[in-house]
Amino acid sequence: MPGITDVLVPANGEGTRATVLRWCKQVGDRVVKDEPLVELETDKVTVEIPSPADGRLVEILKTVDAEVMQDEVLARLISADSIAVVHKAATPARAEQEANTAIAREGRAALSPSVRRLLSENSVVAADIAGTGRNGRITAQDVMRHVAGDSVRQSSVAAEAAPSPPPARIADVVSLPPRCVRIVETEFRPGSSRIPHTAVRRRVAEHMSRSMLEAPHVTTLFEADLTRVLAHRARYAPIYGERGTRLTLTAYFTSACVRALRDHPQVNATFHADAMEVHADVNIGIGTALGDKGLIVPVIHRAQSMNLFGLAHRLGELVYAARIGKLAPEDVRGGTFTISNHGVGGSLLASPIVINRPQVAILGVGKVERRVCVMEVDGVEAIGVRSMCYLTLTIDHRALDAFQANAFLSAVTSTLEAWPDVDDQ
């Protein structure tokens, strides 16, 4: 009997769902271990799934645009050792037939981990479901259709007795429990165009809605004078450029946040139902726009160990990788605090900026612009022109209070306004 190897959706550490973006191989193709087999798109990155073994691809279970979860079977391979047995057929079709015969021998009871989990969660018996997978296997979609069908049947009697609701004219967001956020589908107006959501856009929508439902958002606003920061940047940007690194204002905001988080560690935390988890490392996520595709948050890990040059260099690497779609999964995991520099698009103020749950706070940075200000010069009030911007800190009010938020943002502002003339390379 040919040796069959399942190609599984890998664990990602955060329970993120994914969508099949592209198959690099087709049924019947020979594959080499670690050769790219399929690409999955999550709300964060595009991930290549390599072949787990040498052999031939004999079955694809998830088509392009199919939504998949951790441990689901994407495809099956016949091992290289078994190809010698099957190779006498001399055609991919015969190889697939031989492999399918082996799979059929396993019977419908051989369920994937995700199917077993769904059956358990919904108290459904496998024998009650008609499998639509290859050789009658039950798929995750079969289980969900069965569960949805039960719900429809149970509500049909009540629906017949109830008055018909007026037709929906716009999409309404329904307030459901945090993990059940959904959008009510409505009809499209004549003449309008339909642009399907990308996997990134769908996940961002779900993540943002869940954050707003779970965490009570409160925003505090400060104004920062960046005159000294801009003077420092004008002096050292050419030097950084000679070393292959672009010195951006975001690097300064990141550095200032690192210092403030070391002094106010409760802001560098995760809120749990029974306790606050204060993190030892400062892993700062940087919100990065991807045009119409949405946004992504690459993470600078252990930012507390980097000086300004190190932060600027790593920031440049991550933003470039994000915009060409080459971020690795580890580049978007483990963030403990996030910065959203919405000012790069001309925005003065955005509130509230949605917290990147399960973090407890997010910094918003507005556009830097020259303003007339009242300041003190040698103990005397004077009017001058300074480079100012608004800084906001949006907090999860379950985890932080106004006192802590104001203390943190005050520390960030003070660091920026007192930036030294020397560099810390």
Side-chain angles (χ1 to χ4, degrees), residues 211-212 214-229 232 249-272 274-287 297 299-300 302-308 311 334-343 348-368 371 373-376 386-420 424:
S211 180
M212 291 297 291
E214 289 181 350
H217 284 50
V218 173
T219 300
T220 186
L221 169 68
F222 276 52
E223 192 173 28
D225 183 347
L226 298 186
T227 302
R228 292 179 66 88
V229 165
H232 183 278
L249 287 179
T250 302
Y252 289 92
F253 296 124
T254 304
S255 180
C257 284
V258 169
R259 300 181 192 185
L261 289 169
R262 287 186 304 197
D263 293 336
H264 303 275
Q266 66 273 26
V267 182
N268 189 52
T270 295
F271 180 85
H272 298 284
D274 59 342
M276 282 280 286
E277 178 186 2
V278 179
H279 302 289
D281 286 331
V282 177
N283 300 330
I284 297 188
I286 307 296
V297 185
V299 178
I300 301 176
R302 302 196 74 253
Q304 78 275 11
S305 65
M306 303 179 189
N307 59 12
L308 182 64
L311 291 171
T336 60
F337 183 82
T338 298
I339 297 174
S340 174
N341 191 352
H342 56 86
L348 291 175
L349 177 66
S351 176
I353 300 176
V354 181
I355 298 168
N356 189 14
R357 293 282 302 139
Q359 298 167 24
V360 298
I362 184 170
L363 180 78
V365 180
K367 174 185 176 182
V368 180
R371 300 179 198 152
C373 303
V374 176
M375 53 189 182
E376 188 174 296
R386 311 292 286 180
S387 297
M388 309 294 291
C389 81
Y390 293 117
L391 299 179
T392 61
L393 186 73
T394 299
I395 61 170
D396 180 344
H397 210 343
R398 300 173 304 171
L400 300 172
D401 299 319
F403 173 80
Q404 296 159 310
N406 292 336
F408 172 83
L409 201 48
S410 178
V412 172
T413 302
S414 298
T415 297
L416 294 170
E417 292 184 339
W419 202 272
D424 61 352

**Study point:** Set of residues satisfying side-chain hydrogen bond (donor to acceptor under 3.5 Å, both in side chains) with respect to T415, sequence neighbours excluded
**Key:** none

Exercise for review: Run through V365, I353, L409, I362 and flag the one making a side chain to side chain contact (heavy atoms under 4.5 Å, CB included) with T392.
Suggested key: I353

Practice item. Of all the heavy-atom pairs spanning V278 and P265, show the shortest one and how long it is. Key: CG1-O, 3.4 Å

Review point. Under 3.5 Å, side chain of T227 to main-chain N/O of S387, donor-acceptor pair present?
Key: yes

Review point. R262: what forms a salt bridge (charged side-chain N to carboxylate O under 4.0 Å, His left out) with it, not counting sequence neighbours?
Key: none

Exercise for review: For H342 and G366, work out which heavy atoms get closest and say how close.
Suggested key: CE1-CA, 3.5 Å

Check your understanding: Would a 4.5 Å heavy-atom cut-off, applied to side chains only, mark C373 and M388 as touching?
Key -> yes

Check your understanding: Side chains of Q359 and T338: do they bring a donor and an acceptor to under 3.5 Å?
Key -> yes

Practice item. Measure from the side-chain N and O atoms of H279 to the backbone N and O of V282, and report whether any donor-acceptor pair falls under 3.5 Å. Key: no

Review point. Below 4.5 Å, heavy atoms only, C-beta onward: do H272 and P358 meet side chain to side chain?
Key: no

**Study point:** Residues in ring pair (Phe, Tyr, Trp, His ring centres under 6.0 Å) contact with F253, at least two apart in sequence or another chain
**Key:** none

Review point. Do the side chain of S305 and the main chain of R302 share a donor and acceptor less than 3.5 angstrom apart?
Key: yes

Review point. Does the side-chain contact (heavy atoms from CB on, under 4.5 Å) test come out yes or no for N356 and V297, once each step is laid out?
Key: CA-CA 9 Å; N356 189 14; V297 185; 4.1 Å; yes

Check your understanding: What's the shortest heavy-atom distance between F271 and A399, and which atoms?
Key -> CD1-CB, 3.8 Å

Check your understanding: Distance-only, no hydrogens or angles: does the T336 side chain make a donor-acceptor pair with backbone N or O of N283 under 3.5 Å?
Key -> yes

Check your understanding: Hey, does R371 have a side-chain heavy atom less than 4.5 Å from the side chain of E223?
Key -> yes

Revision key, fill the gap. Closest heavy-atom pair, A251 versus L311, reported as atoms and distance to 0.1 Å, is O-CD1, 4.3 Å

Review point. Do the two ring centres, one from F403 and one from F408, sit under 6.0 Å apart?
Key: no

Check your understanding: Does W419 offer a backbone N or O that forms a donor-acceptor pair with the side chain of R228 under 3.5 Å?
Key -> yes

Exercise for review: Supply the atom-to-atom distance S414 OG to D225 CG, rounded to the nearest 0.5 angstrom.
Suggested key: 11.5 Å

Practice item. Find out whether S340 and L363 are in side-chain contact, i.e. whether some heavy atom of one side chain is under 4.5 Å from a heavy atom of the other. Key: no

Check your understanding: What residues, two or more places apart in sequence or in another chain, satisfy salt bridge (charged side-chain N to carboxylate O under 4.0 Å, His left out) together with D263?
Key -> none

Check your understanding: What do the steps show when you test H217 against M212 for side-chain contact (heavy atoms from CB on, under 4.5 Å), and what is the final call?
Key -> CA-CA 7 Å; H217 284 50; M212 291 297 291; 3.6 Å; yes

Review point. Going from CG on L261 to CD1 on I284, what distance comes out if it is rounded to the nearest 0.5 angstrom?
Key: 5.5 Å

Check your understanding: Between N406 and T220, do the side chains contain an N or O donor and an N or O acceptor separated by less than 3.5 Å?
Key -> yes

Study note, to complete from the structure: When rounded to the nearest 0.5 Å, the distance separating OG1 of T270 from CZ of R357 is 7.5 Å

Practice item. Mind listing the closest non-hydrogen atom pair of A405 and I395 along with its distance? Key: CB-CG2, 3.8 Å

Check your understanding: Just wondering, do Q266 and N268 contact through their side chains at under 4.5 Å, heavy atoms?
Key -> no

Practice item. Provide the full list of salt bridge (charged side-chain N to carboxylate O under 4.0 Å, His left out) pairs with a residue in residues 397-418, sequence neighbours left out, each pair given once. Key: D396-R398

Review point. Residues two or more places apart in sequence or in another chain: which of them pass side-chain hydrogen bond (donor to acceptor under 3.5 Å, both in side chains) with T394?
Key: T219

Practice item. Given side-chain contact (heavy atoms from CB on, under 4.5 Å), test T413 with L391 step by step and report yes or no. Key: CA-CA 8 Å; T413 302; L391 299 179; 3.9 Å; yes

Point to revise | L308 vs H232 side-chain heavy atoms within contact, under 4.5 Å | key: yes

Practice item. Answer yes or no: is there a donor N or O on one side and an acceptor on the other, between the side chain of T254 and the main chain of T250, under 3.5 Å? Key: yes

Review point. Hey, are the side chains of Q404 and H264 touching, using non-hydrogen atoms and a 4.5 Å cut-off?
Key: no

Practice item. Taking the side chain as every heavy atom from C-beta outward, state whether C257 and I339 have any pair of such atoms under 4.5 Å apart. Key: yes

Exercise for review: Could you walk me through whether I355 and V360 pass the side-chain contact (heavy atoms from CB on, under 4.5 Å) test, one step at a time?
Suggested key: CA-CA 7 Å; I355 298 168; V360 298; 5.9 Å; no

